[in-house]
Protein chains: 2
Amino acid sequence: MNSEFTIAVHCLIILAGAPEQIWNSETLAGKVHTHPARVRKIMSLLRRNCLIRTKEGLGGGYRLACDPETCSLAEIYRMTSCSALKLNWCSDSDDKTGKAESSGIRLALERTFSGAEHVLEKYLSKQSIGSLLRELQGESGTEISAAKSLSEK
Amino acid sequence: MNSEFTIAVHCLIILAGAPEQIWNSETLAGKVHTHPARVRKIMSLLRRNCLIRTKEGLGGGYRLACDPETCSLAEIYRMTSCSALKLNWCSDSDDKTGKAESSGIRLALERTFSGAEHVLEKYLSKQSIGSLLRELQGESGTEISAAKSLSEK
DNA sequence: TAAACTGTATTCATTATAATTACATTAATC
DNA sequence: GATTAATGTAATTATAATGAATACAGTTTA
């Protein structure tokens, strides 16, 4: 999984924390520690998926366009990092034995990986921009981490 | 997750499929489509974790040293790819606002990632070299994929 | 003692990732 | 309108991660 997911979530949380405000790429880049052009690229992806609204021109920038509570991390994961757990290894065409045993192994491992992706998405679907934001806002208190309890269900 | 996990599992399945046989790095490398030196490096890791036994010298190679049924993929994952889902992004020391909001976001995301790692390991702990091997051997039949059903539990 | 292995470090090549630059386009404001 | 400040996007460059290849010391068998 590359860092696009992280940056996307981070920016969305910032937007959700001040829904009326318009944030530009430079400000977001400063908070997320990356380059404005990269922020724009990722935000552009989020816009095409209708999570945010963009305003071009002077005074422009980004605003949230979705309900933080229903915007799940799984959704964002799919946009940014789909199949990050994919099996990365070449085909088995040159198996000389004819028994094609290693192809069988490959299939089995592909099922394992796709199952892994499945449980990961299921876990991420239980968290949303809203839930993370609430977790943040309650941080000064003594709450138990929501992520921890979710993963131990 | 890099491909060490895949190669390790693949090699272990091969060893488990012929427990009496000694496999050398060149043969394994041919089946797994990588370089013998890389196989040796990974097998060396598995040996240090007592999953296999090594025989050096002429006629040497690798043999399984564990019960395939209790050798879970989670265990192998931990050896090869631990924290593959770790948050990869720099610290927040230069936050000028003083509110340290983005540090809070960082902590929240770290919890999310560590929870993700947790569910992934939990999923992998339900599969073993033995279960994969059995899945392979029953492949000619019409069995439902074990991985699929596990991930949908 | 020679041959065939593993163990391991090092170097090189490739690929993936991210930063940077550049510039067209858009919109607000003077 | 002209200027300014923003996004959208492509292209280039730099850096980091990954894997392949090489080399050679150590080990065991015959």
Side-chain angles (χ1 to χ4, degrees), chain A residues 1-8 10-11 14-15 21-65 79-90 94, chain B residues 1-8 10-11 15 21-65 79-91 94:
Chain A
M1 180 153 28
N2 67 18
S3 59
E4 283 196 12
F5 172 78
T6 304
I7 293 174
H10 196 161
C11 287
I14 293 172
L15 299 203
Q21 191 167 340
I22 291 193
W23 299 83
N24 68 31
S25 62
E26 198 178 337
T27 307
L28 290 173
K31 286 187 170 289
V32 179
H33 303 103
T34 186
H35 198 277
R38 190 163 187 226
V39 168
R40 292 201 291 273
K41 192 176 154 211
I42 295 172
M43 296 308 268
S44 171
L45 177 69
L46 299 183
R47 173 182 50 76
R48 286 194 295 274
N49 284 280
C50 304
L51 297 189
I52 62 170
R53 242 196 316 266
T54 266
K55 188 181 170 193
E56 296 190 4
L58 200 158
Y62 305 97
R63 252 194 315 210
L64 204 65
M79 291 172 199
T80 58
S81 318
C82 193
S83 295
L85 297 181
K86 193 164 40 191
L87 193 60
N88 51 341
W89 130 56
C90 69
D94 49 343
Chain B
M1 181 154 26
N2 66 18
S3 59
E4 284 196 13
F5 172 79
T6 304
I7 292 175
H10 197 161
C11 287
L15 299 203
Q21 191 167 338
I22 291 193
W23 299 83
N24 67 32
S25 61
E26 198 179 337
T27 308
L28 290 174
K31 287 189 170 288
V32 179
H33 304 101
T34 186
H35 198 277
R38 189 163 188 225
V39 168
R40 291 201 291 272
K41 191 177 156 212
I42 295 171
M43 296 309 268
S44 172
L45 178 69
L46 299 182
R47 173 183 50 77
R48 286 195 296 275
N49 284 279
C50 304
L51 296 189
I52 63 170
R53 244 195 316 266
T54 270
K55 188 180 170 194
E56 296 189 4
L58 199 159
Y62 306 98
R63 251 193 315 210
L64 205 65
M79 292 172 198
T80 57
S81 316
C82 194
S83 296
L85 297 182
K86 192 164 40 192
L87 193 58
N88 51 341
W89 132 57
C90 68
S91 83
D94 50 343

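As a basis for the values below, the full set of heavy atoms in this structure was taken, side chains included, without hydrogen atoms, waters or symmetry mates.
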Undergrad: Is the distance from OP1 or OP2 of C:dA19 to the nearest side-chain N or O of A:T34 less than 4.0 Å?
TA: yes

Undergrad: Is the count of non-hydrogen atoms from other residues, nucleotides or ligands lying under 6.0 Å from B:Q21 atom CD greater than 12?
TA: yes

Undergrad: Within the structure provided, determine whether A:R40 and A:P36 are in side-chain contact (heavy-atom separation under 4.5 Å).
TA: yes

Undergrad: Could you give the CZ-to-P distance, from B:R38 to D:dT22, as a whole number of Å?
TA: 16 Å

Undergrad: OP1, OP2 of C:dT6 versus side-chain N and O of B:R63: anything below 4.0 Å?
TA: no

Undergrad: Report the residue (A:A37 or A:G57) whose heavy-atom-nearest nucleotide on DNA chain D is the more 5′ of the two.
TA: A:G57

Undergrad: Within the 4.5 Å heavy-atom criterion, are A:S25 and A:Y62 side-chain neighbours or not?
TA: yes

Undergrad: Rounded off to whole Å, could you give me the CD-to-C1' distance for the B:E56 and C:dA3 pair?
TA: 15 Å

Undergrad: Side chains of B:C11 and B:I42, heavy atoms from C-beta outward: is any pair under 4.5 Å?
TA: no

Undergrad: Check whether any side-chain nitrogen or oxygen of B:S44 sits under 4.0 Å from OP1 or OP2 of C:dT6, and answer yes or no.
TA: no

Undergrad: Rounded to the nearest angstrom, tell me the gap between atom CG in A:L58 and atom C1' in D:dG8.
TA: 17 Å

Undergrad: Using a heavy-atom cut-off of 4.0 Å across all strands, would you classify A:R48 as base, sugar-phosphate, or nothing?
TA: sugar-phosphate

Undergrad: Specify the separation, in whole Å, of atom CG of B:L45 and atom P of C:dA9.
TA: 13 Å

Undergrad: How close or far is atom C1' of C:dA4 from atom OH of B:Y62, stated in whole angstroms?
TA: 13 Å

Undergrad: Using a 4.5 Å cut-off on heavy atoms from C-beta on, say whether the side chain of A:R63 contacts that of A:I52.
TA: no

Undergrad: Under 4.0 Å: is that the gap between some side-chain N or O of B:T54 and OP1 or OP2 of C:dT6?
TA: no

Undergrad: Let me know the distance between CG of A:N24 and C1' of D:dA5, rounded to the nearest Å.
TA: 9 Å

Undergrad: With DNA chain D as reference, determine whether A:E26 or B:E4 sits nearer its 5' end, using the nearest nucleotide of each.
TA: A:E26

Undergrad: Of all the nucleotides listed (D:dT7, C:dT8, D:dT9), which has the minimum atom distance to the side chain of B:R47?
TA: C:dT8

Undergrad: Find the distance A:K41:NZ to C:dA19:C1' and express it as a whole number of Å.
TA: 11 Å

Undergrad: Is any side-chain N or O of B:S3 closer than 4.0 Å to OP1 or OP2 of D:dT18?
TA: no

Undergrad: Rounding to an integer number of Å, can you tell me how far B:I52 CD1 sits from C:dT6 P?
TA: 10 Å

Undergrad: Is any side-chain N or O of A:R40 closer than 4.0 Å to OP1 or OP2 of D:dA10?
TA: no

